[in-house]
Novice: 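Sharing a structure with you now.
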Amino acid sequence: MDPNQAQENNNASPQGYSPKYLIKPRVEGLGGWLVFVQISLYFSLISIMYVLVTILFPVFEPETWNLITDKTSPGYNQALIQLIIFETVVNVIFVITAVIALFLLYRKKRAFPKLMIGYISFSLLVSIVDYAAVSQIEIMAQGDNGKFMSEWIRSLLYTSIWIPYFIRSKRVRNTFVN
């Protein structure tokens, strides 16, 4: 039974008339807290693309890559090579997933909340792995200044807020129906 109809029946006057101010409008659409989700997706997409283009992709230029991967080079560090490859692959996955998420969001597809829960969970997992990996690489750990720990905490807070929202929100349930 429609909640509005049940509410109408409970609050109906003896004549069967229910005032409109007693009827709660159905919460749906891309408003409310979903505005912040949209902003977050765009911000993530832009910031990750910036990191890829300005930091990660330039590392793969032959001069820099040879310096890092040549075992006779003073800049050689196998763990750093693995971290760079991991970061690049993960960030490309995040970009692709964010684009798919935006597509599903605006199409109001039922898969969107599940994708976002996976995206957010994967983001938390990556931040944990990142923190562990960076703490094992001496040169990175020295220059960390708590950046990776604060990123991990931010990711944990983000996860603890948005996953329950996608699971329990009436707006999410009513909006993503296609």
Novice: Pairs of donor and acceptor atoms involving the side chains of residues 78-96, under 3.5 Å and at least two apart or interchain, shall be tabulated with distances.
Specialist:
from, atom 1, to, atom 2, distance (Å)
Gln78, OE1, Tyr76, OH, 2.8
Thr88, OG1, Ile84, O, 2.8
Asn91, ND2, Glu87, O, 2.9

Novice: Measure the OG-OH distance between Ser44 and Tyr158 for me, rounded to the nearest 0.5 Å.
Specialist: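 Here the rounded value is 6.0 Å.
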Novice: Once side-chain hydrogen bond (donor to acceptor under 3.5 Å, both in side chains) is applied, do any residues pair with Thr72, and if so which ones, sequence neighbours excluded?
Specialist: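 So Thr72 forms a side-chain hydrogen bond (donor to acceptor under 3.5 Å, both in side chains) with Asp70.
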Novice: Working to the nearest 0.5 Å, report the span between OG1 of Thr69 and CZ of Phe60.
Specialist: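 These two atoms lie 10.5 Å from each other.
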Novice: Output a table of donor-acceptor pairs, distance under 3.5 Å, between side-chain atoms of residues 103-119 and any protein atom two or more places apart or on a different chain; print 'none' if there are none.
Specialist:
from, atom 1, to, atom 2, distance (Å)
Tyr106, OH, Gln38, OE1, 3.0
Tyr106, OH, Tyr42, OH, 3.4
Arg110, NH2, Val177, O, 2.7

Novice: Once you round to the nearest 0.5 Å, how far does OG1 of Thr97 lie from CG of Leu41?
Specialist: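 The distance works out to 10.5 Å.
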Novice: Please confirm whether the backbone N or O of Leu124 pairs with a side-chain atom of Ser127, one donor and one acceptor, at under 3.5 Å?
Specialist: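 Yes, the answer is positive, given that a donor and an acceptor are paired below the 3.5 Å cut-off.
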Novice: Do Ile163 and Ile128 belong together in a cluster built from hydrophobic side chains that touch within less than 4.5 Å?
Specialist: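 Yes: a chain of side-chain contacts under 4.5 Å links Ile163 to Ile128.
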Novice: Rounded at 0.5 Å granularity, tell me how far OG in Ser155 sits from CG in Leu125.
Specialist: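 Nearest 0.5 Å value for the OG-CG distance: 9.5 Å.
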Novice: Can you check whether Tyr50's main-chain N or O pairs, donor with acceptor, with Thr54's side chain at less than 3.5 Å?
Specialist: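 Checked: pair present.
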Novice: Do Tyr131 and Trp152 make the cut of ring centroids closer than 6.0 angstrom?
Specialist: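 So the answer is no for these two rings.
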Novice: Are Phe43 and Leu30 connected into the same hydrophobic cluster when the rule is that any two of I, L, V, M, F, W, Y join if their side-chain heavy atoms are below 4.5 Å apart?
Specialist: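 As far as the 4.5 Å side-chain criterion goes, Phe43 and Leu30 are not connected within one cluster.
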Novice: For Arg173 versus Arg168, what's the shortest heavy-atom pair and its separation?
Specialist: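 Nearest heavy atoms, Arg173 then Arg168: NH2-O, 2.7 Å.
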Novice: Report whether Val129 and Ile120 are members of the same hydrophobic cluster (ILVMFWY, side-chain heavy atoms less than 4.5 Å apart, transitive linking).
Specialist: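 Yes, Val129 connects to Ile120 through the hydrophobic network.
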Novice: Applying a strict under-4.5 Å side-chain criterion to I, L, V, M, F, W and Y, I'd like to know whether Ile167 and Leu157 cluster together.
Specialist: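 Yes, Ile167 connects to Leu157 through the hydrophobic network.
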Novice: Please state whether the rings of Trp33 and Phe36 are parallel, tilted or perpendicular, taking 30° and 60° as the class boundaries.
Specialist: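 Correct class here is tilted.
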Novice: Hey, does the side chain of Ser73 reach the backbone of Leu67 with a donor-acceptor pair shorter than 3.5 angstrom?
Specialist: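 Present.
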Novice: With rounding to the nearest 0.5 Å, note down the distance linking CZ in Phe176 to CG in Asn174.
Specialist: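 The CZ atom of Phe176 sits 11.0 Å away from the CG atom of Asn174.
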Novice: Where the side chain of Arg171 meets the backbone of Leu34, is there a donor-acceptor pair that is under 3.5 Å apart?
Specialist: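 Absent.
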Novice: Indicate yes or no for a side-chain donor-acceptor contact from Thr175 to the backbone of Gly29 under 3.5 Å, with no hydrogens or angles considered.
Specialist: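 Present.
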Novice: Please answer: with hydrophobic residues joined when any side-chain heavy atoms are less than 4.5 Å apart, are Ile153 and Leu156 in the same cluster?
Specialist: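 Ile153 clusters together with Leu156.
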